4 protein chains.
Amino acid sequence: MVEFRVDRGSGLPAYLQIAQQVREALRLGWLAPGDRLPAVREVVATSGVNPNTVLKAYRELEFAGLVEARQGAGTFVKAGLGTGDREALGQLYEELAGWLSRARQAGLEDEDVYALLRTALDPDRERE
Amino acid sequence: MVEFRVDRGSGLPAYLQIAQQVREALRLGWLAPGDRLPAVREVVATSGVNPNTVLKAYRELEFAGLVEARQGAGTFVKAGLGTGDREALGQLYEELAGWLSRARQAGLEDEDVYALLRTALDPDRERE
Amino acid sequence: MVEFRVDRGSGLPAYLQIAQQVREALRLGWLAPGDRLPAVREVVATSGVNPNTVLKAYRELEFAGLVEARQGAGTFVKAGLGTGDREALGQLYEELAGWLSRARQAGLEDEDVYALLRTALDPDRERE
Amino acid sequence: MVEFRVDRGSGLPAYLQIAQQVREALRLGWLAPGDRLPAVREVVATSGVNPNTVLKAYRELEFAGLVEARQGAGTFVKAGLGTGDREALGQLYEELAGWLSRARQAGLEDEDVYALLRTALDPDRERE
DNA sequence: GTGGTCTAGACCACG
DNA sequence: GTGGTCTAGACCACC
(Lines give C-alpha, C1' and ligand atoms only; values in the text may rest on other atoms or scores of the structure.)
Protein backbone atom coordinates (compact mmCIF):
# COMPACT_ATOMS: atom_id res chain seq x y z
CA MET A 1 0.00 0.00 0.00
CA VAL A 2 1.40 3.37 -1.00
CA GLU A 3 0.74 6.56 0.83
CA PHE A 4 1.36 9.86 -0.85
CA ARG A 5 3.12 12.84 0.63
CA VAL A 6 2.21 16.10 -0.91
CA ASP A 7 4.49 18.95 -0.06
CA ARG A 8 2.63 22.16 -0.67
CA GLY A 9 5.05 24.96 -1.24
CA SER A 10 7.69 22.84 -2.92
CA GLY A 11 6.72 24.59 -6.10
CA LEU A 12 5.95 21.32 -7.82
CA PRO A 13 2.20 21.00 -8.47
CA ALA A 14 0.47 18.55 -6.18
CA TYR A 15 -0.79 16.37 -9.01
CA LEU A 16 2.73 15.96 -10.37
CA GLN A 17 4.02 14.98 -6.96
CA ILE A 18 1.43 12.24 -6.74
CA ALA A 19 2.12 10.98 -10.25
CA GLN A 20 5.83 11.01 -9.55
CA GLN A 21 5.41 9.03 -6.37
CA VAL A 22 3.43 6.40 -8.20
CA ARG A 23 6.20 6.14 -10.77
CA GLU A 24 8.75 5.81 -8.01
CA ALA A 25 6.73 3.09 -6.35
CA LEU A 26 6.65 1.27 -9.67
CA ARG A 27 10.40 1.64 -10.07
CA LEU A 28 11.12 0.35 -6.60
CA GLY A 29 8.69 -2.52 -6.87
CA TRP A 30 6.27 -1.28 -4.23
CA LEU A 31 3.63 -1.38 -6.89
CA ALA A 32 3.36 -4.10 -9.50
CA PRO A 33 1.01 -4.73 -12.41
CA GLY A 34 -2.42 -5.69 -11.14
CA ASP A 35 -2.12 -3.74 -7.90
CA ARG A 36 -4.76 -1.21 -7.11
CA LEU A 37 -3.85 2.38 -6.46
CA PRO A 38 -5.39 3.93 -3.36
CA ALA A 39 -8.89 5.18 -4.06
CA VAL A 40 -9.22 8.87 -4.76
CA ARG A 41 -11.09 9.33 -1.53
CA GLU A 42 -8.36 7.62 0.45
CA VAL A 43 -5.70 9.89 -0.96
CA VAL A 44 -7.88 12.86 -0.19
CA ALA A 45 -8.19 11.70 3.40
CA THR A 46 -4.47 11.09 3.92
CA SER A 47 -2.98 13.90 1.87
CA GLY A 48 -5.46 16.69 2.22
CA VAL A 49 -5.52 17.51 -1.47
CA ASN A 50 -8.64 17.95 -3.55
CA PRO A 51 -10.22 14.91 -5.25
CA ASN A 52 -9.75 16.50 -8.65
CA THR A 53 -6.06 16.87 -8.02
CA VAL A 54 -5.77 13.14 -7.42
CA LEU A 55 -7.89 12.40 -10.47
CA LYS A 56 -5.63 14.57 -12.56
CA ALA A 57 -2.58 12.66 -11.36
CA TYR A 58 -4.23 9.31 -12.05
CA ARG A 59 -5.36 10.43 -15.47
CA GLU A 60 -1.83 11.55 -16.28
CA LEU A 61 -0.58 8.08 -15.39
CA GLU A 62 -3.34 6.54 -17.46
CA PHE A 63 -2.27 8.60 -20.45
CA ALA A 64 1.24 7.32 -19.93
CA GLY A 65 -0.10 3.77 -20.08
CA LEU A 66 1.01 2.93 -16.57
CA VAL A 67 -2.36 2.49 -14.94
CA GLU A 68 -5.91 1.77 -15.96
CA ALA A 69 -9.08 3.11 -14.38
CA ARG A 70 -11.97 0.68 -14.16
CA GLN A 71 -15.30 2.33 -13.51
CA GLY A 72 -16.60 1.49 -10.11
CA ALA A 73 -13.66 -0.73 -9.33
CA GLY A 74 -10.65 1.49 -8.91
CA THR A 75 -7.41 2.35 -10.66
CA PHE A 76 -5.03 -0.48 -11.37
CA VAL A 77 -1.39 -0.76 -12.32
CA LYS A 78 -1.08 -1.88 -15.90
CA ALA A 79 2.65 -1.83 -16.57
CA GLY A 80 5.80 -1.99 -14.52
CA LEU A 81 8.70 0.41 -14.69
CA GLY A 82 12.43 0.29 -14.19
CA THR A 83 14.93 -2.43 -13.57
CA GLY A 84 13.69 -5.87 -12.75
CA ASP A 85 16.66 -6.77 -10.57
CA ARG A 86 15.26 -6.41 -7.08
CA GLU A 87 18.34 -7.84 -5.41
CA ALA A 88 20.78 -5.39 -6.91
CA LEU A 89 18.38 -2.66 -5.90
CA GLY A 90 18.43 -3.75 -2.29
CA GLN A 91 22.20 -3.91 -2.26
CA LEU A 92 22.55 -0.49 -3.80
CA TYR A 93 20.05 0.87 -1.35
CA GLU A 94 22.12 -0.35 1.57
CA GLU A 95 25.26 1.21 0.16
CA LEU A 96 23.49 4.48 -0.45
CA ALA A 97 22.08 4.51 3.06
CA GLY A 98 25.60 4.02 4.42
CA TRP A 99 26.95 6.86 2.35
CA LEU A 100 24.06 9.03 3.44
CA SER A 101 24.78 8.49 7.11
CA ARG A 102 28.40 9.50 6.54
CA ALA A 103 27.26 12.55 4.64
CA ARG A 104 25.04 13.57 7.50
CA GLN A 105 27.81 13.07 10.01
CA ALA A 106 29.84 15.47 7.92
CA GLY A 107 27.11 18.03 8.43
CA LEU A 108 25.41 17.85 5.05
CA GLU A 109 21.75 18.71 4.86
CA ASP A 110 19.24 17.18 2.49
CA GLU A 111 19.72 20.07 0.12
CA ASP A 112 23.45 19.45 -0.02
CA VAL A 113 22.82 15.81 -0.75
CA TYR A 114 20.51 16.61 -3.62
CA ALA A 115 23.01 19.12 -4.97
CA LEU A 116 25.75 16.50 -4.90
CA LEU A 117 23.60 13.88 -6.58
CA ARG A 118 22.49 16.27 -9.25
CA THR A 119 26.08 17.13 -10.01
CA ALA A 120 27.11 13.50 -10.06
CA LEU A 121 24.30 12.64 -12.45
CA ASP A 122 25.20 15.45 -14.81
CA PRO A 123 28.91 16.28 -14.36
CA ASP A 124 28.90 18.75 -17.23
CA ARG A 125 26.93 21.11 -15.09
CA GLU A 126 30.03 21.83 -13.06
CA ARG A 127 31.95 24.69 -14.63
CA GLU A 128 34.32 27.32 -13.44
CA MET B 1 30.89 30.75 -13.63
CA VAL B 2 27.52 29.06 -13.31
CA GLU B 3 25.31 28.22 -16.23
CA PHE B 4 21.65 27.57 -15.67
CA ARG B 5 19.67 24.74 -17.13
CA VAL B 6 16.00 25.38 -17.33
CA ASP B 7 13.90 22.34 -18.03
CA ARG B 8 10.57 23.49 -19.35
CA GLY B 9 8.06 20.79 -18.76
CA SER B 10 9.60 19.58 -15.54
CA GLY B 11 6.65 21.19 -13.85
CA LEU B 12 8.85 23.34 -11.66
CA PRO B 13 8.51 27.04 -12.60
CA ALA B 14 11.50 28.38 -14.48
CA TYR B 15 12.31 31.06 -11.93
CA LEU B 16 12.40 28.49 -9.14
CA GLN B 17 14.75 26.31 -11.13
CA ILE B 18 17.16 29.21 -11.51
CA ALA B 19 16.98 30.16 -7.87
CA GLN B 20 17.49 26.56 -6.85
CA GLN B 21 20.55 26.25 -9.04
CA VAL B 22 22.09 29.30 -7.47
CA ARG B 23 21.50 27.81 -4.05
CA GLU B 24 23.07 24.56 -5.13
CA ALA B 25 26.10 26.38 -6.49
CA LEU B 26 26.43 28.11 -3.13
CA ARG B 27 26.19 24.83 -1.28
CA LEU B 28 28.83 23.20 -3.41
CA GLY B 29 31.16 26.14 -3.31
CA TRP B 30 30.93 27.01 -6.99
CA LEU B 31 29.78 30.41 -5.92
CA ALA B 32 31.20 32.26 -2.95
CA PRO B 33 30.49 35.65 -1.35
CA GLY B 34 31.62 38.40 -3.65
CA ASP B 35 31.11 36.44 -6.87
CA ARG B 36 28.94 37.94 -9.53
CA LEU B 37 25.90 36.07 -10.85
CA PRO B 38 25.60 35.89 -14.61
CA ALA B 39 23.93 38.95 -16.07
CA VAL B 40 20.26 38.64 -16.89
CA ARG B 41 20.93 38.95 -20.62
CA GLU B 42 23.50 36.16 -20.42
CA VAL B 43 21.02 33.86 -18.76
CA VAL B 44 18.44 34.78 -21.35
CA ALA B 45 20.92 33.93 -24.09
CA THR B 46 21.88 30.54 -22.65
CA SER B 47 18.56 29.40 -21.22
CA GLY B 48 15.99 30.89 -23.52
CA VAL B 49 13.79 32.16 -20.72
CA ASN B 50 12.24 35.56 -20.48
CA PRO B 51 14.26 38.35 -18.80
CA ASN B 52 11.47 38.88 -16.31
CA THR B 53 11.77 35.29 -15.25
CA VAL B 54 15.45 35.71 -14.44
CA LEU B 55 14.79 38.93 -12.60
CA LYS B 56 12.17 37.20 -10.54
CA ALA B 57 14.63 34.48 -9.58
CA TYR B 58 17.30 37.01 -8.58
CA ARG B 59 14.78 39.03 -6.62
CA GLU B 60 13.79 35.89 -4.76
CA LEU B 61 17.41 35.24 -3.84
CA GLU B 62 17.89 38.84 -2.78
CA PHE B 63 14.84 38.56 -0.59
CA ALA B 64 16.43 35.52 1.03
CA GLY B 65 19.53 37.57 1.75
CA LEU B 66 21.78 35.42 -0.41
CA VAL B 67 22.62 37.93 -3.12
CA GLU B 68 22.67 41.65 -3.57
CA ALA B 69 21.91 43.66 -6.69
CA ARG B 70 24.15 46.63 -7.32
CA GLN B 71 22.69 49.04 -9.79
CA GLY B 72 24.60 49.02 -13.02
CA ALA B 73 27.14 46.53 -11.72
CA GLY B 74 25.31 43.24 -11.48
CA THR B 75 24.08 40.83 -8.83
CA PHE B 76 26.60 39.63 -6.28
CA VAL B 77 26.70 36.80 -3.79
CA LYS B 78 26.35 38.13 -0.26
CA ALA B 79 26.33 34.99 1.86
CA GLY B 80 27.45 31.39 1.58
CA LEU B 81 25.34 28.33 2.23
CA GLY B 82 25.88 24.85 3.56
CA THR B 83 28.78 23.06 5.13
CA GLY B 84 32.10 24.81 5.08
CA ASP B 85 34.09 21.60 4.90
CA ARG B 86 35.14 21.51 1.28
CA GLU B 87 37.39 18.50 1.73
CA ALA B 88 34.71 16.27 3.20
CA LEU B 89 32.45 17.36 0.38
CA GLY B 90 35.00 16.31 -2.24
CA GLN B 91 35.47 12.95 -0.55
CA LEU B 92 31.74 12.32 -0.34
CA TYR B 93 31.34 13.33 -3.94
CA GLU B 94 33.91 10.76 -5.03
CA GLU B 95 32.16 8.05 -3.05
CA LEU B 96 28.81 8.99 -4.47
CA ALA B 97 30.19 9.01 -8.00
CA GLY B 98 31.55 5.51 -7.43
CA TRP B 99 28.22 4.29 -6.11
CA LEU B 100 26.48 5.90 -9.04
CA SER B 101 28.64 4.11 -11.58
CA ARG B 102 27.82 0.80 -9.89
CA ALA B 103 24.15 1.69 -9.94
CA ARG B 104 24.28 2.39 -13.63
CA GLN B 105 26.10 -0.84 -14.30
CA ALA B 106 23.21 -2.56 -12.56
CA GLY B 107 20.91 -0.96 -15.11
CA LEU B 108 19.40 1.81 -12.99
CA GLU B 109 18.23 4.93 -14.72
CA ASP B 110 18.33 8.42 -13.29
CA GLU B 111 14.75 8.09 -12.15
CA ASP B 112 15.59 4.92 -10.23
CA VAL B 113 18.46 6.72 -8.57
CA TYR B 114 16.27 9.58 -7.47
CA ALA B 115 13.67 7.16 -6.19
CA LEU B 116 16.29 5.36 -4.11
CA LEU B 117 17.69 8.57 -2.69
CA ARG B 118 14.31 9.87 -1.82
CA THR B 119 13.53 6.67 0.02
CA ALA B 120 16.85 6.75 1.82
CA LEU B 121 16.26 10.33 2.92
CA ASP B 122 12.81 9.52 4.22
CA PRO B 123 12.68 5.81 5.11
CA ASP B 124 9.19 6.06 6.60
CA ARG B 125 7.82 6.39 3.11
CA GLU B 126 8.37 2.73 2.51
CA ARG B 127 5.42 0.76 3.72
CA GLU B 128 4.02 -2.71 3.41
CA MET C 1 -9.84 29.87 -37.83
CA VAL C 2 -11.78 27.04 -36.24
CA GLU C 3 -14.87 27.52 -34.19
CA PHE C 4 -16.09 24.79 -31.92
CA ARG C 5 -19.61 23.49 -31.59
CA VAL C 6 -20.36 21.86 -28.34
CA ASP C 7 -23.55 19.86 -28.26
CA ARG C 8 -24.59 19.47 -24.66
CA GLY C 9 -26.80 16.47 -24.30
CA SER C 10 -25.16 14.44 -27.01
CA GLY C 11 -23.78 12.32 -24.22
CA LEU C 12 -20.22 12.90 -25.35
CA PRO C 13 -18.33 15.04 -22.81
CA ALA C 14 -17.75 18.60 -23.95
CA TYR C 15 -13.98 18.36 -23.69
CA LEU C 16 -13.96 15.31 -25.96
CA GLN C 17 -16.09 17.10 -28.51
CA ILE C 18 -13.61 19.94 -28.64
CA ALA C 19 -10.61 17.64 -28.89
CA GLN C 20 -12.34 15.67 -31.62
CA GLN C 21 -13.10 18.80 -33.60
CA VAL C 22 -9.48 19.84 -33.44
CA ARG C 23 -8.47 16.42 -34.73
CA GLU C 24 -10.99 16.70 -37.54
CA ALA C 25 -9.70 20.12 -38.46
CA LEU C 26 -6.21 18.64 -38.62
CA ARG C 27 -7.41 15.79 -40.81
CA LEU C 28 -9.19 18.08 -43.21
CA GLY C 29 -6.36 20.56 -43.37
CA TRP C 30 -8.20 23.43 -41.69
CA LEU C 31 -5.42 23.45 -39.14
CA ALA C 32 -1.77 22.91 -39.99
CA PRO C 33 1.43 22.78 -37.93
CA GLY C 34 2.29 26.21 -36.61
CA ASP C 35 -1.30 27.41 -36.48
CA ARG C 36 -2.60 28.73 -33.21
CA LEU C 37 -5.67 27.24 -31.65
CA PRO C 38 -8.30 29.71 -30.50
CA ALA C 39 -7.47 31.06 -27.06
CA VAL C 40 -9.26 29.44 -24.17
CA ARG C 41 -11.16 32.63 -23.53
CA GLU C 42 -12.33 32.81 -27.13
CA VAL C 43 -13.68 29.29 -27.01
CA VAL C 44 -15.43 30.11 -23.78
CA ALA C 45 -17.04 33.13 -25.42
CA THR C 46 -18.22 31.27 -28.52
CA SER C 47 -19.14 27.90 -27.04
CA GLY C 48 -20.36 28.71 -23.60
CA VAL C 49 -18.33 26.00 -21.91
CA ASN C 50 -16.17 26.49 -18.87
CA PRO C 51 -12.51 27.51 -19.30
CA ASN C 52 -11.36 24.37 -17.54
CA THR C 53 -13.24 22.25 -20.01
CA VAL C 54 -11.35 23.84 -22.87
CA LEU C 55 -8.07 23.48 -21.00
CA LYS C 56 -8.79 19.80 -20.50
CA ALA C 57 -9.37 19.34 -24.21
CA TYR C 58 -6.18 21.19 -25.13
CA ARG C 59 -4.19 19.24 -22.58
CA GLU C 60 -5.52 16.00 -24.02
CA LEU C 61 -4.31 17.06 -27.43
CA GLU C 62 -0.97 18.05 -25.96
CA PHE C 63 -0.61 14.59 -24.42
CA ALA C 64 -1.29 13.15 -27.83
CA GLY C 65 1.55 15.24 -29.22
CA LEU C 66 -0.69 17.16 -31.60
CA VAL C 67 -0.41 20.60 -30.07
CA GLU C 68 1.93 22.49 -27.82
CA ALA C 69 1.03 25.10 -25.23
CA ARG C 70 3.40 28.02 -24.93
CA GLN C 71 2.98 29.98 -21.74
CA GLY C 72 1.57 33.37 -22.38
CA ALA C 73 1.53 32.86 -26.12
CA GLY C 74 -1.18 30.35 -26.86
CA THR C 75 -1.60 26.78 -27.97
CA PHE C 76 -0.06 25.81 -31.28
CA VAL C 77 -0.43 22.91 -33.68
CA LYS C 78 2.67 20.75 -33.57
CA ALA C 79 1.85 17.86 -35.88
CA GLY C 80 -0.49 17.22 -38.76
CA LEU C 81 -2.88 14.31 -39.08
CA GLY C 82 -4.34 12.20 -41.82
CA THR C 83 -3.80 11.95 -45.51
CA GLY C 84 -1.71 14.58 -47.17
CA ASP C 85 -3.59 14.39 -50.46
CA ARG C 86 -5.77 17.46 -50.32
CA GLU C 87 -6.99 17.07 -53.90
CA ALA C 88 -8.32 13.58 -53.46
CA LEU C 89 -10.01 14.80 -50.31
CA GLY C 90 -11.82 17.55 -52.19
CA GLN C 91 -12.95 15.13 -54.88
CA LEU C 92 -14.21 12.63 -52.37
CA TYR C 93 -15.99 15.38 -50.52
CA GLU C 94 -17.87 16.38 -53.64
CA GLU C 95 -18.92 12.81 -54.31
CA LEU C 96 -20.06 12.36 -50.75
CA ALA C 97 -22.04 15.58 -50.85
CA GLY C 98 -23.79 14.35 -53.98
CA TRP C 99 -24.64 11.03 -52.39
CA LEU C 100 -25.88 12.84 -49.33
CA SER C 101 -28.30 14.98 -51.28
CA ARG C 102 -29.71 11.85 -52.92
CA ALA C 103 -30.02 10.22 -49.52
CA ARG C 104 -31.96 13.18 -48.22
CA GLN C 105 -34.24 13.17 -51.22
CA ALA C 106 -35.02 9.58 -50.35
CA GLY C 107 -36.14 10.77 -46.95
CA LEU C 108 -33.15 9.74 -44.87
CA GLU C 109 -32.41 11.71 -41.75
CA ASP C 110 -28.96 12.38 -40.33
CA GLU C 111 -29.36 9.45 -38.00
CA ASP C 112 -30.07 7.14 -40.93
CA VAL C 113 -26.99 8.42 -42.69
CA TYR C 114 -24.80 7.76 -39.70
CA ALA C 115 -26.29 4.31 -39.31
CA LEU C 116 -25.53 3.50 -42.95
CA LEU C 117 -21.99 4.77 -42.70
CA ARG C 118 -21.33 2.87 -39.54
CA THR C 119 -22.52 -0.30 -41.15
CA ALA C 120 -20.47 0.33 -44.27
CA LEU C 121 -17.37 0.93 -42.18
CA ASP C 122 -17.85 -2.25 -40.20
CA PRO C 123 -19.89 -4.70 -42.31
CA ASP C 124 -19.51 -7.51 -39.76
CA ARG C 125 -21.91 -5.67 -37.54
CA GLU C 126 -24.75 -6.64 -39.80
CA ARG C 127 -26.13 -9.98 -38.71
CA GLU C 128 -29.43 -11.72 -38.93
CA MET D 1 -30.41 -10.89 -34.21
CA VAL D 2 -28.45 -7.81 -33.18
CA GLU D 3 -25.19 -7.97 -31.34
CA PHE D 4 -23.96 -4.94 -29.48
CA ARG D 5 -20.47 -3.55 -29.60
CA VAL D 6 -19.56 -1.50 -26.62
CA ASP D 7 -16.43 0.52 -27.04
CA ARG D 8 -15.17 1.43 -23.60
CA GLY D 9 -13.02 4.47 -23.90
CA SER D 10 -14.96 6.03 -26.74
CA GLY D 11 -16.19 8.48 -24.15
CA LEU D 12 -19.83 7.70 -24.89
CA PRO D 13 -21.47 5.97 -21.92
CA ALA D 14 -22.01 2.27 -22.44
CA TYR D 15 -25.77 2.41 -22.00
CA LEU D 16 -26.07 5.12 -24.64
CA GLN D 17 -24.04 3.05 -27.08
CA ILE D 18 -26.43 0.15 -26.65
CA ALA D 19 -29.52 2.31 -27.01
CA GLN D 20 -28.06 3.97 -30.07
CA GLN D 21 -27.31 0.63 -31.68
CA VAL D 22 -30.87 -0.48 -31.15
CA ARG D 23 -32.10 2.70 -32.81
CA GLU D 24 -29.74 2.15 -35.70
CA ALA D 25 -30.96 -1.41 -36.11
CA LEU D 26 -34.50 -0.07 -36.22
CA ARG D 27 -33.58 2.53 -38.83
CA LEU D 28 -31.88 -0.02 -41.03
CA GLY D 29 -34.60 -2.58 -40.66
CA TRP D 30 -32.56 -5.16 -38.80
CA LEU D 31 -35.13 -4.94 -36.08
CA ALA D 32 -38.84 -4.63 -36.74
CA PRO D 33 -41.91 -4.36 -34.50
CA GLY D 34 -42.48 -7.64 -32.71
CA ASP D 35 -38.84 -8.68 -32.68
CA ARG D 36 -37.26 -9.53 -29.38
CA LEU D 37 -34.19 -7.70 -28.18
CA PRO D 38 -31.37 -9.91 -26.92
CA ALA D 39 -31.83 -10.89 -23.28
CA VAL D 40 -29.87 -8.88 -20.77
CA ARG D 41 -27.72 -11.86 -19.87
CA GLU D 42 -26.89 -12.44 -23.52
CA VAL D 43 -25.72 -8.87 -23.91
CA VAL D 44 -23.72 -9.21 -20.74
CA ALA D 45 -22.07 -12.32 -22.13
CA THR D 46 -21.19 -10.79 -25.49
CA SER D 47 -20.34 -7.25 -24.46
CA GLY D 48 -18.88 -7.60 -21.01
CA VAL D 49 -20.91 -4.76 -19.55
CA ASN D 50 -22.77 -4.82 -16.30
CA PRO D 51 -26.39 -6.08 -16.34
CA ASN D 52 -27.57 -2.80 -14.87
CA THR D 53 -26.07 -0.97 -17.81
CA VAL D 54 -28.09 -3.04 -20.26
CA LEU D 55 -31.23 -2.58 -18.21
CA LYS D 56 -30.67 1.15 -18.25
CA ALA D 57 -30.39 1.14 -22.02
CA TYR D 58 -33.57 -0.89 -22.43
CA ARG D 59 -35.41 1.30 -19.97
CA GLU D 60 -34.33 4.33 -21.98
CA LEU D 61 -35.72 2.78 -25.15
CA GLU D 62 -38.93 1.83 -23.39
CA PHE D 63 -39.26 5.39 -22.19
CA ALA D 64 -38.90 6.52 -25.81
CA GLY D 65 -41.75 4.20 -26.76
CA LEU D 66 -39.61 2.09 -29.06
CA VAL D 67 -39.64 -1.15 -27.12
CA GLU D 68 -41.76 -2.84 -24.51
CA ALA D 69 -40.67 -5.13 -21.71
CA ARG D 70 -42.91 -8.11 -21.04
CA GLN D 71 -42.29 -9.67 -17.67
CA GLY D 72 -40.66 -13.04 -18.02
CA ALA D 73 -40.76 -12.94 -21.80
CA GLY D 74 -38.20 -10.36 -22.81
CA THR D 75 -38.07 -6.95 -24.38
CA PHE D 76 -39.85 -6.47 -27.70
CA VAL D 77 -39.76 -3.87 -30.42
CA LYS D 78 -42.93 -1.83 -30.39
CA ALA D 79 -42.34 0.73 -33.11
CA GLY D 80 -40.20 1.15 -36.17
CA LEU D 81 -37.98 4.06 -37.01
CA GLY D 82 -36.81 5.89 -40.08
CA THR D 83 -37.68 5.63 -43.72
CA GLY D 84 -39.83 2.78 -44.80
CA ASP D 85 -38.28 2.51 -48.23
CA ARG D 86 -36.05 -0.50 -47.88
CA GLU D 87 -35.15 -0.56 -51.54
CA ALA D 88 -33.85 2.98 -51.68
CA LEU D 89 -31.88 2.21 -48.54
CA GLY D 90 -30.20 -0.76 -50.16
CA GLN D 91 -29.36 1.26 -53.24
CA LEU D 92 -27.89 4.08 -51.19
CA TYR D 93 -25.93 1.61 -49.14
CA GLU D 94 -24.32 0.17 -52.26
CA GLU D 95 -23.38 3.62 -53.49
CA LEU D 96 -21.94 4.54 -50.15
CA ALA D 97 -19.94 1.34 -49.98
CA GLY D 98 -18.50 2.12 -53.39
CA TRP D 99 -17.54 5.62 -52.34
CA LEU D 100 -16.00 4.23 -49.19
CA SER D 101 -13.79 1.82 -51.06
CA ARG D 102 -12.53 4.68 -53.23
CA ALA D 103 -11.92 6.75 -50.11
CA ARG D 104 -9.88 3.97 -48.61
CA GLN D 105 -7.89 3.54 -51.79
CA ALA D 106 -7.04 7.21 -51.49
CA GLY D 107 -5.60 6.47 -48.07
CA LEU D 108 -8.37 7.81 -45.88
CA GLU D 109 -8.83 6.31 -42.47
CA ASP D 110 -12.11 5.88 -40.67
CA GLU D 111 -11.53 9.11 -38.81
CA ASP D 112 -11.07 10.99 -42.07
CA VAL D 113 -14.32 9.53 -43.34
CA TYR D 114 -16.22 10.63 -40.28
CA ALA D 115 -14.69 14.08 -40.53
CA LEU D 116 -15.81 14.39 -44.13
CA LEU D 117 -19.32 13.20 -43.38
CA ARG D 118 -19.67 15.53 -40.48
CA THR D 119 -18.61 18.43 -42.64
CA ALA D 120 -20.98 17.41 -45.40
CA LEU D 121 -23.86 17.20 -42.96
CA ASP D 122 -23.11 20.62 -41.54
CA PRO D 123 -21.29 22.68 -44.20
CA ASP D 124 -21.36 25.85 -42.10
CA ARG D 125 -18.73 24.34 -39.89
CA GLU D 126 -16.11 24.92 -42.53
CA ARG D 127 -14.70 28.39 -42.21
CA GLU D 128 -11.80 30.39 -43.53
C1' DG E 1 -18.88 3.32 -3.27
C1' DT E 2 -15.91 3.64 -7.45
C1' DG E 3 -14.01 6.90 -10.91
C1' DG E 4 -15.51 10.78 -14.36
C1' DT E 5 -17.35 15.23 -15.83
C1' DC E 6 -18.35 19.85 -15.35
C1' DT E 7 -18.78 24.51 -13.15
C1' DA E 8 -17.17 28.60 -10.76
C1' DG E 9 -13.75 31.15 -9.40
C1' DA E 10 -9.14 32.38 -7.12
C1' DC E 11 -4.44 32.65 -7.88
C1' DC E 12 0.09 31.81 -10.19
C1' DA E 13 3.75 31.69 -13.95
C1' DC E 14 5.09 33.60 -18.07
C1' DG E 15 5.56 36.91 -22.20
C1' DG F 1 -3.38 38.67 -21.61
C1' DT F 2 -1.73 33.88 -22.18
C1' DG F 3 -2.08 29.15 -20.27
C1' DG F 4 -1.68 26.36 -15.66
C1' DT F 5 -2.94 24.95 -11.00
C1' DC F 6 -5.96 24.20 -7.40
C1' DT F 7 -10.36 24.23 -4.64
C1' DA F 8 -15.20 23.30 -3.72
C1' DG F 9 -18.90 21.04 -4.77
C1' DA F 10 -22.73 19.10 -7.79
C1' DC F 11 -24.00 15.43 -10.62
C1' DC F 12 -23.35 11.26 -13.61
C1' DA F 13 -21.95 6.43 -15.09
C1' DC F 14 -20.80 2.13 -13.59
C1' DC F 15 -20.04 -2.07 -10.34
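Only heavy atoms go into these numbers, but all of them, side chains included; no hydrogens, no water, no symmetry mates. Chain letters run A, B, ... following the sequence lines, proteins first and then strands; every chain starts at 1. The shown structure was predicted, so the numbers you read here are calculated from the model rather than taken from an experiment.
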- Message: Quick test of your reading: applying ring pair (Phe, Tyr, Trp, His ring centres under 6.0 Å), list the pairs with at least one residue in residues 42-77 of chain D, sequence neighbours left out, ordered by first then second residue.
- Response: none

- Query: Can you tell me how far C1' of dA13(E) sits from CD of Gln20(B), to the nearest Å?
  - Reply: 17 Å

- Task: Check the distance between dT2(E)'s P and Glu42(A)'s CD and give it to me in whole angstrom.
- Result: 7 Å

- Query: If each of Ala39(C) and Ala14(D) is mapped to the nucleotide of DNA chain F with the nearest heavy atom, which maps nearer the 5' terminus, i.e. the 5' end?
  - Reply: Ala39(C)

- In whole angstrom, give the distance that lies between atom CG of Leu55(A) and atom C1' of dT7(F). 13 Å

- Just to confirm, is there a sub-4.0 Å distance from OP1 or OP2 of dC14(F) to any side-chain nitrogen or oxygen of Tyr15(D)? no

- Task: Take atom CG of Leu12(A) and atom C1' of dA13(E), then tell me their distance rounded to the nearest Å.
- Result: 14 Å

- Could you tell me whether the phosphate oxygens of dG15(E), OP1 or OP2, come under 4.0 Å of any side-chain nitrogen or oxygen in Arg8(B)? yes

- Query: Can a side chain N or O of Lys56(D) be found less than 4.0 Å away from OP1 or OP2 on dA13(F)?
  - Reply: yes

- Item | Distance in angstrom units between Arg59(C) CZ and dC6(F) C1', rounded | 12 Å

- Message: Any N or O donor-acceptor pair under 3.5 Å from the base of dG9(E) to the side chain of Asn50(C)?
- Response: no

- Message: Over all strands shown, is Tyr58(A) touching base, sugar-phosphate only, or nothing at heavy-atom distances under 4.0 angstrom?
- Response: nothing

- Message: According to ring pair (Phe, Tyr, Trp, His ring centres under 6.0 Å), does anything in residues 2-23 of chain D pair up with another residue at least two apart or in another chain? List the pairs.
- Response: none

- Query: For Arg36(C), which contact category applies under a 4.0 Å heavy-atom criterion: base, sugar-phosphate, or nothing?
  - Reply: nothing

- Task: Hey, which sits more toward the 5' end of DNA chain E by its nearest nucleotide, Gly72(A) or Gln71(C)?
- Result: Gly72(A)

- Item | For dG3(E), the Watson-Crick or wobble partner whose two distances fall under 3.5 Å | dC12(F)

- Task: Using atom CZ of Phe63(C) as one end and atom C1' of dG4(F) as the other, report the distance to the nearest whole Å.
- Result: 13 Å

- May I ask you to decide if Val44(D)'s main-chain N or O and Ser47(D)'s side chain share a donor-acceptor pair within less than 3.5 Å? no

- Item | Nearest-angstrom distance from the residue atom CD of Gln17(D) to P of dC12(F) | 19 Å

- With distance as the sole test, does Glu60(D) use its side chain to make a donor-acceptor pair with the main-chain N or O of Leu16(D) at under 3.5 Å? no

- Looking only at atom types and distance, does a side-chain atom of Ser10(D) sit under 3.5 Å from a main-chain N or O of Leu12(D), one as donor and one as acceptor? yes

- Do Asn52(C) and dG4(F) share a donor-acceptor pair, side chain to base, under 3.5 Å? no

- Ignoring backbone atoms, test whether Thr53(B) places a side-chain nitrogen or oxygen under 4.0 Å from the OP1 or OP2 oxygen of dG15(E). yes

- Touch class at under 4.0 angstrom, heavy-atom based, for Arg41(C) against every strand present: base

- Item | side-chain contact (heavy atoms from CB on, under 4.5 Å) between Glu111(D) and Arg27(C), intermediate numbers included | CA-CA 8 Å; Glu111(D) 297 307 312; Arg27(C) 291 191 168 277; 3.0 Å; yes

- Query: Rounding to a whole Å, what distance do you find between Ile18(C):CD1 and dC6(E):C1'?
  - Reply: 12 Å

- Nearest nucleotide by nearest heavy atom, which residue falls closer to the 5' end of DNA chain F, Arg70(A) or Ala69(C)? Ala69(C)

